[in-house]
Every structure is written in C-alpha cells, then in structure tokens.
*Asks:* 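This structure is in structure tokens; I'll ask about it shortly.
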Amino acid sequence: VQLQASGGGLVQAGGSLRLSCAASVRTFTMYALGWFRQAPGKEREFVAGISRTGGSSTRYADSVEGRFTISRDNAKNTVYLQMKSLKPEDTAVYFCAADWTASSTWIGVMSYDYKNWGQGTLVTVSS
C-alpha cells in the first residue's frame, strides 16, 4: 500500500485546512485509516481514526475532538482530515496510516496498529 498525503501549509490560528491522503490499493475498503502527527522534539501521537465502514465509526484524540473531522471516500481511495479552529499547538508533521482489518469496527489508536504510512505533510499554525 502506498499512501500520499497532501494539503499541509501555513495557516493563522483560528483558520482551517483539509488534509488528504490518497491510497494506491485495490481493496481500500478493507483498510482502517488513521491520522497521526509529530511535533518537533515530541513523540508521534494519534489524531483521528476511521474504521473500514467509515461514517460515524471514528475516534479522536481529546486535543482535537470537536475541531477535526476524519472522513473517507472509498470511490476515490482517499481519507481526509478537516481541521478547524487551528491552534499553534497543532503545528506538526501529519501522517496518514492504513492497516488491513477483517473487522468492520476496529480503529487503531497506536502507531504500531498500522503497517502502512504516508510520507507526512507539514502543518504550521502561526499565532
């Protein structure tokens, strides 16, 4: 599986960005998907995840709950992360991740839950 993330950039605090991650895989609907981020000098952390079935089957880190929305478009083999009300502390490199699962409800929240990773896209939020 190859994952290509895009959509990062520089935005002012309070602004919005939408990240995209396109997957090159034939069986996209068999993959749970996640977004993680890594700020300078910090560990990679979970941001949001979505199950194979998508829809309301999502999970979020407490720090982004209510501000970020993860979604997937199976027709386009793409997962999105809509980010609103951005804060300077959201500044990080954002990574998308995917893992094959037979479960329709599983959502991984740890880095080791995912075997496939994109290259990362930088989000910088200025104060």
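What you see is a predicted model; the values in this text were computed from it and never measured. The figures here come from the full heavy-atom set of this structure, side chains too, leaving out hydrogens, waters and symmetry mates.
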*Asks:* Is it true that the NZ or CZ of R72 lies under 6.0 Å from the centre of Y31's six-membered ring and within 45 degrees of the ring axis?
*Replies:* no
*Asks:* May I ask you to decide if Q38's main-chain N or O and R44's side chain share a donor-acceptor pair within less than 3.5 Å?
*Replies:* no
*Asks:* Honestly curious: do I70 and M30 fall in one hydrophobic cluster under the side-chain, below-4.5 Å linking rule?
*Replies:* yes
*Asks:* Nearest 0.5 Å, please: how far is CD in Q82 from OG in S16?
*Replies:* 6.0 Å
*Asks:* Under a 4.5 Å side-chain heavy-atom rule over Ile, Leu, Val, Met, Phe, Trp and Tyr, are F95 and Y112 clustered together?
*Replies:* yes
*Asks:* Looking at residues at least two apart in the chain, or sitting in another chain, which of them share a salt bridge (Lys or Arg N to Asp or Glu O under 4.0 Å) with D90?
*Replies:* R37, R67
*Asks:* Determine which pairs satisfy disulfide (SG to SG under 2.5 Å) with at least one residue from residues 45-89, sequence neighbours left out, and list them in order.
*Replies:* none
*Asks:* Write out all pairs satisfying ring-ring contact (aromatic ring centres under 6.0 Å, His included) with one or both partners inside residues 56-80, taking only residues at least two apart or from two chains.
*Replies:* none
*Asks:* Quick one: side chain to side chain donor-acceptor pair (under 3.5 Å) partners of S24, sequence neighbours excluded?
*Replies:* none
*Asks:* Write out all pairs satisfying disulfide (SG to SG under 2.5 Å) with one or both partners inside residues 45-95, taking only residues at least two apart or from two chains.
*Replies:* none
*Asks:* Check this for me: Q2, atom CD, are more than 12 non-hydrogen atoms of other residues, nucleotides or ligands nearer than 6.0 Å?
*Replies:* no
*Asks:* What are the two closest heavy atoms between Y94 and L19, and how far apart are they?
*Replies:* CB-CD1, 3.5 Å
*Asks:* Using side chain to side chain donor-acceptor pair (under 3.5 Å) as the criterion, list what pairs up with D113, not counting sequence neighbours.
*Replies:* none
*Asks:* Under the salt bridge (Lys or Arg N to Asp or Glu O under 4.0 Å) rule, collect the residues that match up with K84, sequence neighbours excluded.
*Replies:* none
*Asks:* Under 4.5 Å between side-chain heavy atoms, counting indirect links through other Ile/Leu/Val/Met/Phe/Trp/Tyr residues: same cluster for L17 and W35 or not?
*Replies:* yes
*Asks:* Look up atom CG in L33 and atom OG1 in T58, then write down how far apart they are to the nearest 0.5 Å.
*Replies:* 12.0 Å
*Asks:* Using modelled atom types only, decide if a donor and an acceptor are shared between the side chain of R59 and the backbone of A48 within a distance under 3.5 Å.
*Replies:* no
*Asks:* Under a 3.5 Å distance rule, please check whether T91 uses its side chain to pair with a backbone N or O of P88 as donor and acceptor.
*Replies:* yes
*Asks:* Over all heavy atoms of both residues, which pair between L3 and V1 is shortest? Give the atoms and the distance, please.
*Replies:* CD2-CG1, 3.9 Å
*Asks:* Name all residues meeting the side chain to side chain donor-acceptor pair (under 3.5 Å) criterion together with R18; count only those two or more places apart in sequence or in a different chain, and write none if there are none.
*Replies:* none
*Asks:* Side chain of N116, backbone of D99: donor and acceptor closer than 3.5 Å?
*Replies:* no
*Asks:* How would you list, by chain and number, every residue that makes a ring pair (Phe, Tyr, Trp, His ring centres under 6.0 Å) with F36, sequence neighbours excluded?
*Replies:* F46, Y114, W117
*Asks:* Could you list the residues that satisfy side chain to side chain donor-acceptor pair (under 3.5 Å) with T53, not counting sequence neighbours?
*Replies:* S51
*Asks:* Show every disulfide (SG to SG under 2.5 Å) that has at least one partner inside residues 83-127, sequence neighbours left out.
*Replies:* C21-C96
*Asks:* Output side-chain donor-acceptor pairs under 3.5 Å for residues 118-127, partner residues at least two apart or in another chain, one line each.
*Replies:*
unit_1: Q119; atom_1: OE1; unit_2: A5; atom_2: N; d: 3.2
unit_1: Q119; atom_1: NE2; unit_2: A5; atom_2: O; d: 2.9
unit_1: T121; atom_1: OG1; unit_2: G8; atom_2: N; d: 3.1

*Asks:* Within the side chain of T78, is there an N or O that forms a donor-acceptor pair under 3.5 Å with the backbone of K76?
*Replies:* yes
